[in-house]
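Data first, discussion second: the structure below is written as structure tokens.
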Protein chains: 2
Amino acid sequence: MGIIQRKEREKEEMRRLILDAALRLFRERGYDGVSLRNIAEAIEYSPGTIYLYYKDKSEIFFALQYEAAAVKRDYLLPVADIADPWERLVEFGRRYVDFGMKHPDLYDLLFITRAPMEYIENQECWKLGMATHSFFQETVQACVDQRYFKSTDTETIAYTLWCHAHGLVSLFVRERMRMYPEEHREELARKSFNMIVKMAESL
Amino acid sequence: MGIIQRKEREKEEMRRLILDAALRLFRERGYDGVSLRNIAEAIEYSPGTIYLYYKDKSEIFFALQYEAAAVKRDYLLPVADIADPWERLVEFGRRYVDFGMKHPDLYDLLFITRAPMEYIENQECWKLGMATHSFFQETVQACVDQRYFKSTDTETIAYTLWCHAHGLVSLFVRERMRMYPEEHREELARKSFNMIVKMAESL
DNA sequence: CTTGACAAATGAACAGTGTTCATTATCTTT
DNA sequence: AAAGATAATGAACACTGTTCATTTGTCAAG
């Protein structure tokens with residue numbers, strides 16, 4: 001009975017079609033700048049069809065947010081193999097920033113866009129994000145355990161580093177670096193990352 | 001000839017009425033969550049009337065953004081009197097964060113909300129923001145001149161500190177701290193601020 | 001093959017949006 | 001009081017997210 005499987009596959013392909021078009025449009029014009037009719041037109045279907053696959057516009061957003069979280073996890077996953085906690089931490093940070101710079105639209109989806117956050121916490125996306133955050137915090141804890149820092153306040157250390165990385169990326173993503181010439185921005189970001197690493201070494 | 005003055009005053013009062021209502025509504029439901037009809041209804045005028053005072057919705061936004069920049073400047077202005085550059089810098093940071101925490105809606109307007117940034121640069125708001133940023137950078141420069149830091153890369157130091165402060169505030173403002181219990185968030189932010197100050201001391 | 005049943009896609013319709021503008025009402029000046 | 005200027009209106013336009021009766025397409029049974 002391969003029929004229902006084929007149907008399921010076709011449904012999945014349709015979802016992909018919708019998500020790909022939606023992401024491309026969101027990326028270009030932002031969530032609010034894109035209408036469902038735009039998405040429908042892009043995939044050459046009628047507006048009503050989309051509602052057969054996603055119950056409303058926000059669910060498309062959540063689906064994309066989940067995918068963004070998955071991409072981010074895959075981006076960060078390899079650092080788990082690094083044995084030394086300090087090296088693991090630095091590489092984690094470097095990849096976090098790198099992810100944000102290379103996928104500003106996904107980063108925006110995950111950490112900046114206003115979403116009904118109360119509803120999100122029950123979702124898979126939240127679990128994924130929490131897992132990553134726990135891994136980060138555990139890495140900091142490992143550094144603390146091995147006396148890499150003078151301070152032993154793991155939570156504050158982790159949070160402080162996150163603040164810097166998030167600030168770095170989100171100023172970039174939301175175009176608040178216009179006082180720096182375009183071609184210097186990336187270099188400045190890299191320098192700043194190296195600086196916070198140096199600062200953390202003597203923390 | 002008090003008439004045209006009174007007219008001008010009335011026009012100004014009308015603008016105030018619109019901006020106050022708009023800010024209140026934006027604060028509650030966000031820029032996209034508020035319609036011009038909502039604003040019109042709130043001030044008990046017809047939708048068309050608003051267009052006699054602001055040419056479109058985004059101009060209301062820009063007016064509010066300018067006011068936010070002014071509030072922020074007034075918030076930060078007093079630190080100019082602090083003679084010691086290091087103390088001045090720390091107090092500047094403290095007030096910057098404080099402003100963001102106390103006026104999340106204004107901070108959002110200034111540093112997070114997606115706005116047609118290309119158009120903004122010619123506006124008064126941009127000048128105001130640039131002046132503040134220059135003051136910040138000059139303070140860092142003063143610290144560098146007096147050998148408060150080992151590093152002499154003023155630009156990167158200033159940017160790094162800004163990244164942290166902005167990350168701190170924007171994670172708070174956009175509700176990405178839900179993994180920390182509500183009642184601990186402010187304390188964590190304060191601890192993190194103190195930590196970055198300590199880190200900067202040995203920079 | 002044809003038929004009947006089910007699923008998928010449609011597009012008109014509803015209530016909302018930002019914005020414009022001819023019309024109406026109000027106030028100022030003669 | 002009449003004429004002129006200014007302010008306010010609300011209907012209208014093209015858009016939005018969303019729903020749903022209707023049409024179209026697919027596939028198994030007779």
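Just so we're on the same page: letters track the sequence lines, and every chain starts at 1. Not measured: the values here are computed from a predicted model.
In this structure, B/Arg15 forms a cation-pi arrangement with B/Tyr54, its terminal cationic atom sitting closer than 6.0 Å to the ring centre and no more than 45° off the ring axis. Cation-pi geometry between A/Lys198 and A/Phe193 is not met at under 6.0 angstrom from the ring centre and within 45 degrees of the axis. Judged by a 6.0 Å distance limit and a 45° cone about the ring axis, A/Lys11 is positioned over the six-membered ring of A/Tyr53.
Counting only Watson-Crick and G-U wobble pairs whose two distances sit under 3.5 Å, DNA chain C takes part in these stems of three or more pairs: C:1-27 with D:4-30.
D/dA7 atom C1' lies 10 Å from atom CD of B/Glu10, rounded to whole Å. Per the geometry, OH belonging to B/Tyr53 stands 18 Å off P belonging to C/dT19, to the nearest Å. One atom, CG of B/Leu25, and another, C1' of C/dT17, lie 15 Å apart when rounded to the nearest Å. The distance from atom CG of B/Leu52 to atom C1' of D/dA7 is 7 Å, rounded to the nearest whole Å. Taking atom CD on A/Glu41 and atom P on C/dA9, their separation rounds to 18 Å, with Å as the unit. Remark: C1' of C/dT10 and CE of A/Met14 are 12 Å apart, rounded to the nearest angstrom. Note: CZ (B/Phe26) to C1' (C/dG18) measures 12 Å, nearest angstrom. Rounded to whole angstrom, the span from the CD1 atom of B/Ile18 across to the P atom of D/dA7 amounts to 13 Å.
The 12-atom threshold is exceeded at CD of B/Glu13, counting heavy atoms of other residues, nucleotides or ligands nearer than 6.0 Å.
Among C/dT10, C/dA8, D/dA8, the nucleotide with an atom closest to any side-chain atom of A/Ser46 is C/dT10.
Note on A/Thr49: a side-chain N or O is less than 4.0 Å away from OP1 or OP2 of C/dT10. Within the 4.0 Å cut-off from OP1 or OP2 of D/dG10, not a single side-chain nitrogen or oxygen of B/Tyr45 is found.
Side-chain contact annotation: B/Tyr75 with B/Asp98, donor-acceptor N/O pair under 3.5 Å present.
Below 30°, between 30° and 60°, or above 60°: for A/Tyr96 and A/Phe111 the angle between ring planes is between 30° and 60°, a tilted geometry. Ring pair A/His103/A/Phe99 is tilted by interplanar angle, where 30° to 60° counts as tilted. The aromatic rings of B/Phe61 and B/Tyr31 sit perpendicular to each other, their planes meeting at more than 60°, with 30° as the lower class boundary. Aromatic ring pairs are classed by plane angle as parallel below 30°, tilted from 30° to 60° and perpendicular above 60°; the pair B/Tyr159 and A/Tyr180 is perpendicular.
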Under-3.5 Å N/O pairs linking protein and nucleotides 13-19 of chain D:
residue : atom : partner : partner atom : Å
D/dT16  : OP1  : A/Ser35 : OG           : 2.8
D/dG17  : OP1  : A/Val34 : O            : 3.2
D/dG17  : OP1  : A/Leu36 : N            : 3.0
D/dG17  : OP1  : A/Lys57 : NZ           : 3.2
D/dG17  : OP2  : A/Leu36 : N            : 2.6
D/dG17  : N7   : A/Arg37 : NH1          : 2.7
D/dG17  : O6   : A/Arg37 : NH2          : 2.8
D/dT18  : OP2  : A/Tyr51 : OH           : 2.8
D/dT18  : OP2  : A/Lys57 : N            : 2.9
D/dT18  : O5'  : A/Tyr51 : OH           : 3.1
D/dT18  : O4   : A/Arg37 : NH2          : 3.2

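Within 4.0 Å of B/Tyr54, counting heavy atoms only, lies no atom of the nucleic acid at all.
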